[in-house]
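Along the sequence shown, residues are numbered consecutively beginning with 1.
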Amino acid sequence: GVIIGHLTRIFAAATGLPLQEAVDRFSAQARFMILLFKSASMMAPEPGKSRDDLNALILRTINQTLDDVASASVKV
C-alpha cells in the first residue's frame with residue numbers, strides 16, 4: 001500500500017540503505033506498525049488505567065520496532 005511505501009522510503013533514508021533493500025528488509029515492520037496504528041484507533045474510547053496501559057504498550061512496541069530498523073543503519 002501507499003503508507004507502507006512511504007514508511008519503507010523513510011526507513012531507507014533513515015538507515016542509508018538502498019530503497020529496494022529497505023523494502024526487502026522492513027516491509028514486515030512497516031505492516032506491523034500499520035496494524036498497531038489501526039488496532040489502537042479501533043479501541044473503545046473508555047478512560048482509565050487499562051486503556052492508558054495498553055496505549056503505553058502499543059507505543060513501546062512501535063518504538064522498539066523503530067529502534068530495530070534504526071539499528072540496521074549503514075555505518076559510514
Side-chain angles (χ1 to χ4, degrees):
V2 173
I3 296 172
I4 304 301
H6 289 311
L7 284 172
T8 53
R9 279 191 288 284
I10 291 167
F11 295 164
T15 60
L17 294 171
L19 178 58
Q20 188 57 53
E21 186 174 347
V23 168
D24 293 344
R25 290 177 67 173
F26 304 125
S27 287
Q29 288 86 342
R31 291 176 190 282
F32 180 59
M33 288 175 53
I34 296 303
L35 177 81
L36 290 171
F37 296 147
K38 287 183 176 183
S39 296
S41 71
M42 294 174 54
M43 287 191 302
E46 56 190 56
K49 183 174 177 358
S50 180
R51 182 180 172 109
D52 293 343
D53 289 348
L54 184 54
N55 281 334
L57 179 60
I58 290 168
L59 288 174
R60 278 195 313 273
T61 304
I62 290 169
N63 285 334
Q64 181 180 8
T65 302
L66 291 172
D67 288 345
D68 291 346
V69 170
S71 71
S73 292
V74 173
K75 308 296 185 240
V76 183

Transitive ILVMFWY side-chain link I62 to L54, under 4.5 Å: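 Both belong to a single hydrophobic cluster.
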In one Ile/Leu/Val/Met/Phe/Trp/Tyr side-chain cluster, 4.5 Å: F32, V69: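 Linked, F32 and V69 end up in one cluster.
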Distance check, rounded to the nearest 0.5 Å: [X] atom [atom1] versus [Y] atom [atom2]?
X	Y	atom1	atom2	result
L7	R31	CG	CZ	10.5 Å
T65	R60	OG1	CZ	12.5 Å
L66	I10	CG	CD1	10.0 Å
R9	I4	CZ	CD1	11.0 Å
F11	M33	CZ	CE	4.5 Å
F26	D68	CZ	CG	9.0 Å

F37 side chain reached by I58 side chain, heavy atoms, under 4.5 Å: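 No - every pair of side-chain heavy atoms lies 4.5 Å or more apart.
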Min side-chain heavy-atom separation M42-S39 under 4.5 Å: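 No. Closest side-chain heavy atoms not under 4.5 Å.
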side-chain contact (heavy atoms from CB on, under 4.5 Å) assessment of M43 paired with N55: CA-CA 10 Å; M43 287 191 302; N55 281 334; 3.0 Å; yes
Check: A44 main-chain N/O paired with R51 side-chain donor or acceptor under 3.5 Å: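 Such a contact is found between R51 side chain and A44 backbone.
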Test item: S27 side-chain N/O and D24 main-chain N/O as donor-acceptor pair under 3.5 Å: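 Between the backbone of D24 and the side chain of S27 there is no qualifying donor-acceptor contact (under 3.5 Å).
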I3 CD1: over 12 foreign heavy atoms closer than 6.0 Å: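 At most 12 heavy atoms, drawn from other residues, nucleotides or ligands, come within 6.0 Å of this atom.
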Closest approach of A14 to S73 (non-hydrogen atoms, all atoms of both residues):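 Smallest heavy-atom distance, with atoms named: O-OG, 3.7 Å.
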